[in-house]
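Hydrogens, waters and symmetry mates are skipped; everything else that's a heavy atom, side chains included, is used. Chain identifiers are assigned alphabetically (A, B, ...) following the order of the sequence lines, protein sequences preceding nucleic acid strands; residue numbering begins at 1 within each chain.
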2 protein chains.
Amino acid sequence: MSKAEKTRQFIVEMTAPVFNEKGYAGTSLSDMTNATGLTKGSIYGNFASKDEVALAAFDHNLQQVTAIMAQETARQDTCRGKLMAYVQVYSNFLKHPFPAGGCPMLNTATEADDTHPALKQKAAEAILAWKDRLAAIVEKGIRNGEFSKKTDPEQTALTMIAMIEGCIMIAKLTGKMHYRNAIMQSVEKLIQAL
Amino acid sequence: MSKAEKTRQFIVEMTAPVFNEKGYAGTSLSDMTNATGLTKGSIYGNFASKDEVALAAFDHNLQQVTAIMAQETARQDTCRGKLMAYVQVYSNFLKHPFPAGGCPMLNTATEADDTHPALKQKAAEAILAWKDRLAAIVEKGIRNGEFSKKTDPEQTALTMIAMIEGCIMIAKLTGKMHYRNAIMQSVEKLIQAL
DNA sequence: TTTGTTTTATACCGATCGGTATATTTTTAT
DNA sequence: ATAAAAATATACCGATCGGTATAAAACAAA
């Protein structure tokens, strides 16, 4: 790993939480130099533009989330358990190394959907990949008799994502853990009923 | 209504969709002069700061949404019908005078939760008011025997909001109407099961 | 250790940022 | 119609924006 690659990685790691909290438009170059302790010259020696850093930062934030998810679902051997793992992680995401600023998909989606096509596409791909992963678990559960044959895998996946992301928004906004628990309990109920 | 009041109103109406699409940090004063055709002097003659316009713009966007909601729920006489009206409005919000840029609560919540306390509080109050309105409908439905006594009004309200807001995010991000329909169908199912 | 090459810092660019003092125009009340 | 008051436009403020040319420094290979 060359020095430049290390610095690139370092810049991404240090700016990723800033982008996730302040958003793309709200993060300035001086925010980036503050977060890294580097100068503009150094940053622009490793990235072509602020855009390029933002895209790499999103990838980094997303990878953090998906890594946690992969780890926690791998622990479970039943399909129901795997689905439940998502609820567990999001229910106490403070206990995991979750990106500061909350869910990067939600944050990026709402900011970029009318303003930043490249970021929007990255967020869209992330949501679709998540949906496919969830739907695959549901499908497997149907095949092995764990879930009812009447279950629609894609609909179940989309509904779970909507509930979880909506839950994150409400919980972060209001600061009420009680709300988060109530919604997550509904997700659990949904999974139990499959 | 004085000239100044009319201009204030005009500024809010013209900038509200811009704030909703580009966000607070992403909307500049030149965006505001472009949207209104007015000069900075004129805007600052009616508002103390960009902040003040943004807060008024949020109120305006929110009021548009709540007005549609109030109108559509008023049409229904059953509690189940009233809840279903929310699904209907959000399912085809293109047919209503919905603010450009999507749901102002979702947009403001995700942008402002780490950056703008005043906007964050406004968004939080809006979500809480919405929750209370939904919960009140559910409570009434329980009292008049329309819904099961085992239904938890607040949990139901929070779950509906999470699903709807998550649905908006996913649908706007991916552009797939099919996804929106799938999630909204899940909300319908939830309401049917009350 | 020296040399050539990367990498980083300094200094600067024009443009735009949010905001304001003041002059000019438009309303409003008489 | 006219004078006083209110609203709008012009011109400008210092600060910061994203970005770059270039010089200094750190690194790697010999």
Side-chain angles (χ1 to χ4, degrees), chain A residues 1-58 60 108 111-112 114-120 122, chain B residues 1-58 60 108 111-112 114-120 122:
Chain A
M1 201 185 212
S2 75
K3 186 83 206 302
E5 277 169 335
K6 249 188 240 178
T7 308
R8 255 186 87 98
Q9 179 77 5
F10 175 76
I11 293 170
V12 169
E13 275 172 22
M14 301 303 271
T15 59
V18 183
F19 275 110
N20 203 38
E21 284 177 357
K22 297 193 171 187
Y24 173 76
T27 301
S28 67
L29 273 173
S30 58
D31 286 327
M32 295 162 67
T33 58
N34 287 341
T36 56
L38 299 173
T39 60
K40 274 194 273 187
S42 176
I43 290 174
Y44 274 88
N46 292 283
F47 290 91
S49 62
K50 179 185 156 186
D51 245 80
E52 207 177 287
V53 185
L55 294 172
F58 174 80
H60 180 259
T108 305
E111 177 183 8
D114 288 314
T115 58
H116 198 301
L119 268 177
K120 175 182 177 178
K122 272 191 179 292
Chain B
M1 199 186 214
S2 74
K3 186 80 207 305
E5 278 169 334
K6 249 188 241 179
T7 308
R8 255 186 88 97
Q9 179 78 6
F10 176 76
I11 292 171
V12 169
E13 276 172 21
M14 302 302 271
T15 59
V18 183
F19 275 110
N20 203 38
E21 284 177 356
K22 297 192 171 190
Y24 173 75
T27 301
S28 66
L29 273 173
S30 59
D31 286 327
M32 295 161 68
T33 57
N34 286 342
T36 56
L38 300 172
T39 61
K40 275 194 273 187
S42 175
I43 291 174
Y44 274 87
N46 292 283
F47 292 91
S49 61
K50 179 185 155 185
D51 244 80
E52 206 177 287
V53 185
L55 292 172
F58 174 80
H60 180 259
T108 305
E111 178 183 7
D114 288 314
T115 58
H116 198 302
L119 267 177
K120 174 182 179 178
K122 273 192 178 289

>> Heavy-atom nearest nucleotide on DNA chain D for A:Asp31 versus B:Asn46: which residue maps closer to 5'?
In response: B:Asn46
Rounded off to whole Å, could you give me the [atom1]-to-[atom2] distance for the [X] and [N] pair?
{"X": "B:Arg8", "N": "D:dA6", "atom1": "CZ", "atom2": "P", "result": "16 Å"}
{"X": "B:Leu38", "N": "C:dG18", "atom1": "CG", "atom2": "P", "result": "16 Å"}
{"X": "B:Ile11", "N": "D:dA9", "atom1": "CD1", "atom2": "C1'", "result": "13 Å"}
{"X": "A:Lys6", "N": "C:dT8", "atom1": "NZ", "atom2": "P", "result": "11 Å"}
{"X": "B:Met32", "N": "C:dG18", "atom1": "CE", "atom2": "C1'", "result": "10 Å"}
{"X": "A:Lys22", "N": "D:dC17", "atom1": "NZ", "atom2": "C1'", "result": "14 Å"}
{"X": "B:Phe10", "N": "D:dT8", "atom1": "CZ", "atom2": "P", "result": "10 Å"}
{"X": "A:Leu29", "N": "C:dA15", "atom1": "CG", "atom2": "C1'", "result": "14 Å"}

>> Considering every strand and a 4.0 Å limit on heavy-atom distances, what is the contact class for A:Thr27: base, sugar-phosphate, or nothing?
In response: sugar-phosphate
> With respect to the side chain of B:Thr39, which nucleotide from D:dT10, D:dG19, C:dT8 is positioned closest?
Replying inline: D:dT10
Any [X] side-chain N or O less than 4.0 Å from OP1/OP2 of [N]:
{"X": "A:Ser30", "N": "D:dT16", "value": "no"}
{"X": "B:Tyr44", "N": "C:dT20", "value": "no"}
{"X": "A:Ser28", "N": "D:dC17", "value": "yes"}
{"X": "B:Thr7", "N": "D:dT8", "value": "yes"}

> Is the backbone of B:His116 close enough, under 3.5 Å, to the side chain of B:Glu111 for a donor and an acceptor to pair up by distance?
Replying inline: no
>> Is there a side chain to side chain contact (heavy atoms under 4.5 Å, CB included) between B:Thr33 and B:Lys40? Walk through the geometry before answering.
In response: CA-CA 6 Å; B:Thr33 57; B:Lys40 275 194 273 187; 4.1 Å; yes
>> Looking at every non-hydrogen atom in both residues, tell me the closest pair between B:Leu119 and B:Ala54 and how far apart they are.
In response: CD2-O, 4.4 Å
> Which atom names give the shortest non-hydrogen contact between B:Thr27 and B:Asp31, and what distance separates them?
Replying inline: CA-OD2, 3.5 Å
Is the closest side-chain heavy-atom distance between [X] and [Y] below 4.5 Å?
{"X": "B:Tyr24", "Y": "B:Asp51", "result": "yes"}
{"X": "A:Met32", "Y": "A:Ile43", "result": "yes"}
{"X": "A:Glu52", "Y": "A:Arg8", "result": "yes"}

>> Over the length of the helix from C:dT1-D:dA30 to C:dT30-D:dA1, how much do the five-pair end axes diverge, rounded to 10 degrees?
In response: 30°
> With distance as the sole criterion, do the side chain of B:Lys40 and the base of C:dG18 form a donor-acceptor contact below 3.5 Å?
Replying inline: yes
